[in-house]
J.: 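Structure incoming, see below.
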Amino acid sequence: MATLLAEDFSLDKTLCSGQVFRWQRTPQGFLGTIEESAVLLAQSGRRLTYSSHDGALKRKTLSRYLGLHHPLKSILSEVSRDARMAEAARTHFGLRVVQAPRLECLVSFILSAYSNIPRITRSLELIARRKSAAITNAGARCFAFPPRERLMTLRESTLRSCGLGYRAPYVRKAIIAADQGFLQDVTELPYLAARDRLKTLPGVGDKVADCVLLFSFGFLEAFPIDVWMDRVLARYDAKGSYAAKSAFARDYFGRYAGYAQQYLFHNERTTL
DNA sequence: GGCCAGGCCTTGC
DNA sequence: GCAAGGCATGGC
């Protein structure tokens with residue numbers, strides 16, 4: 001068990017705001033996987049304790065995963081352009097935008113199309129069980145999201161058996177692209193070009209691309225717009241195409257628009 | 001047993 | 001460009 005000082009941070013809000021899907025609450029804390037490690041996380045005040053089953057999880061890897069490198073206070077003060085956003089910032093203070101592994105994030109959000117969170121979680125879990133051995137931490141078994149080389153051995157039919165439905169070929173192609181360095185290439189691009197590039201993958205449109213750019217590539221200006229955010233944006237009188245609304249949001253909230261999105265999104269989902 | 005789903009793709013204007 | 005329908009399955 002190691003300790004990390006985590007200021008201005010809420011583990012609960014960060015892991016339970018729809019950015020990542022496979023963390024589960026246990027009596028000892030949150031159990032999940034990062035890279036090849038089974039990880040247990042618990043927070044007490046500003047103290048974050050963590051352990052990995054093999055001791056391989058590096059502090060820096062964890063810190064990055066949880067978005068602890070983002071200057072939260074200054075980000076929130078920058079995006080709080082109005083009372084509504086300022087209120088969401090107060091209510092959910094400590095929520096951070098994660099920086100999850102790229103391929104895992106891409107697969108997760110391809111699965112999110114026309115689906116729901118329990119189902120996304122289930123499919124990811126089935127994929128993990130197919131290609132990863134069980135690892136145990138705190139007496140609980142879990143399965144790491146498989147690395148690219150092992151995902152490459154998944155046939156489309158096997159993906160279907162994990163409940164992906166018509167998304168199976170999309171995921172299969174995304175894995176192949178990743179294996180050819182596609183995701184690395186995307187990191188070299190500026191935001192809008194990166195979004196266009198991601199959208200060349202089948203099954204990846206504006207919304208999925210923005211989620212992936214925000215939750216794994218670290219493009220904090222990305223502002224994913226789903227049905228929930230559409231409701232929020234209506235109150236800002238933002239109308240038109242996805243491109244138009246997304247441009248409005250980036251212009252209005254600025255370079256950290258993605259943080260505004262995450263707070264407003266979480267706020268919309270947790271308050272009636 | 002239906003209805004619905006954290007969008008995307010394909011048509012047809 | 002933009003508005004409609006269809007979509008494999010599983011959750012509720």
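Nothing here was measured: the structure is a model prediction, and the numbers come from that model.
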J.: Quick one: label A:Phe21 by what it contacts on the DNA or RNA (base, sugar-phosphate, nothing), any heavy atom closer than 4.0 Å.
T.: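 The answer is base, as A:Phe21 lies within the cut-off (heavy atoms under 4.0 Å) of a base atom.
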J.: Indicate whether the side chain of A:Arg167 and that of A:Ser123 have a donor and an acceptor atom separated by less than 3.5 Å.
T.: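 No, because no side-chain N or O of A:Arg167 sits under 3.5 Å from a partner of the opposite role on A:Ser123.
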J.: Report the distance from atom CD1 of A:Ile120 to atom C1' of C:dT9, rounded to the nearest whole Å.
T.: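 After rounding, the gap between these two atoms is 13 Å.
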J.: Does the separation of the ring centres of A:Tyr256 and A:His70 fall below 6.0 angstrom?
T.: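 No.
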J.: Aromatic rings A:His92 and A:His266: how do their planes relate, parallel, tilted or perpendicular, breaks at 30° and 60°?
T.: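 Ring orientation, 0 to 90° scale: perpendicular.
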J.: Hey, does the Lys NZ or Arg CZ of A:Arg102 hover above the aromatic six-ring of A:Phe217, less than 6.0 Å from the centre and inside 45° of the axis?
T.: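 Yes, a cation-pi geometry.
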J.: Using a heavy-atom cut-off of under 4.0 Å over every strand shown, decide if A:Leu164 touches base, sugar-phosphate, or nothing.
T.: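 If one applies the 4.0 Å heavy-atom cut-off, A:Leu164 turns out to touch nothing in the nucleic acid.
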J.: Is any side-chain nitrogen or oxygen of A:Arg119 closer than 4.0 Å to OP1 or OP2 of B:dA5?
T.: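 No, no such contact exists.
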J.: What distance do A:Arg96 atom CZ and A:Leu11 atom CG have between them, rounded to the nearest 0.5 Å?
T.: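 Spacing of CZ (A:Arg96) from CG (A:Leu11) equals 12.0 Å.
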J.: Taking the P atom of each, how far is C:dA8 from B:dG1, in whole Å?
T.: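 After rounding to an integer number of Å, I get 23 Å for this pair.
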J.: Between C1' on B:dC8 and CG on A:Leu198, what's the gap in Å once rounded to a whole number?
T.: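 Interatomic distance, CG of A:Leu198 to C1' of B:dC8: 15 Å.
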J.: Go through residues 98-115 of chain A and report each residue with a non-hydrogen atom lying under 4.0 Å from DNA chain B, sorted by number.
T.: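 Those residues whose heavy atoms fall under 4.0 Å from DNA chain B, taken from residues 98-115 of chain A in numerical order, are A:Ser112, A:Ala113, A:Tyr114, A:Ser115.
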J.: When both hydrogen-bonding distances must be under 3.5 Å and the geometry is Watson-Crick or G-U wobble, what is B:dC13 paired with, if anything?
T.: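 Matched B:dC13 with C:dG1 under the 3.5 Å cut-off.
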J.: What about the rings of A:Tyr166 and A:Tyr114, do their centers lie closer together than 6.0 Å?
T.: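 No; A:Tyr114 has its ring centre 6.0 Å or more from that of A:Tyr166.
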J.: I'd like to know if A:Glu87 and A:Arg90 make a salt bridge, using a cut-off of under 4.0 Å between side-chain N and carboxylate O.
T.: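 A salt bridge is present here (some side-chain N lies under 4.0 Å from a carboxylate O).
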J.: Could you tell me how far apart A:Lys239 (NZ) and C:dG1 (P) are, to the nearest whole angstrom?
T.: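 Computing the A:Lys239:NZ to C:dG1:P distance gives 22 Å.
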J.: In sequence, state the C-alpha distance, the side-chain angles, and the governing distance for A:Arg255 and A:Glu78, and then conclude on salt bridge (charged side-chain N to carboxylate O under 4.0 Å, His left out).
T.: CA-CA 9 Å; A:Arg255 59 183 167 160; A:Glu78 203 167 319; 2.7 Å; yes
J.: Rounded to the nearest Å, what distance is computed from the OH atom of residue A:Tyr166 to the P atom of nucleotide C:dG5?
T.: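 Interatomic distance, OH of A:Tyr166 to P of C:dG5: 17 Å.
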J.: Atom CG of A:Leu151 and atom CD1 of A:Ile176: how far apart are they, to the nearest 0.5 Å?
T.: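 That separation rounds to 11.5 Å.
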J.: Pick the P atom in C:dG10 and in B:dC9, then give their distance to the nearest Å.
T.: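 That atom pair is separated by 22 Å.
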J.: Which comes earlier along DNA chain C counting from the 5' end, the contact point of A:Arg160 or that of A:Arg122, where each point is its nearest nucleotide?
T.: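 Between the two, 5'-proximity favours A:Arg160.
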J.: Between protein and nucleic acid, restricted to nucleotides 9-12 of chain B and to nitrogen or oxygen atoms under 3.5 Å apart, what atom pairs and distances do you find?
T.:
unit_1, atom_1, unit_2, atom_2, d
B:dC9, OP1, A:Gly203, N, 2.7

J.: Tell me the interatomic distance from A:Asp226, atom CG, to B:dC8, atom C1', rounded to whole angstroms.
T.: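 To the nearest whole Å, that distance equals 14 Å.
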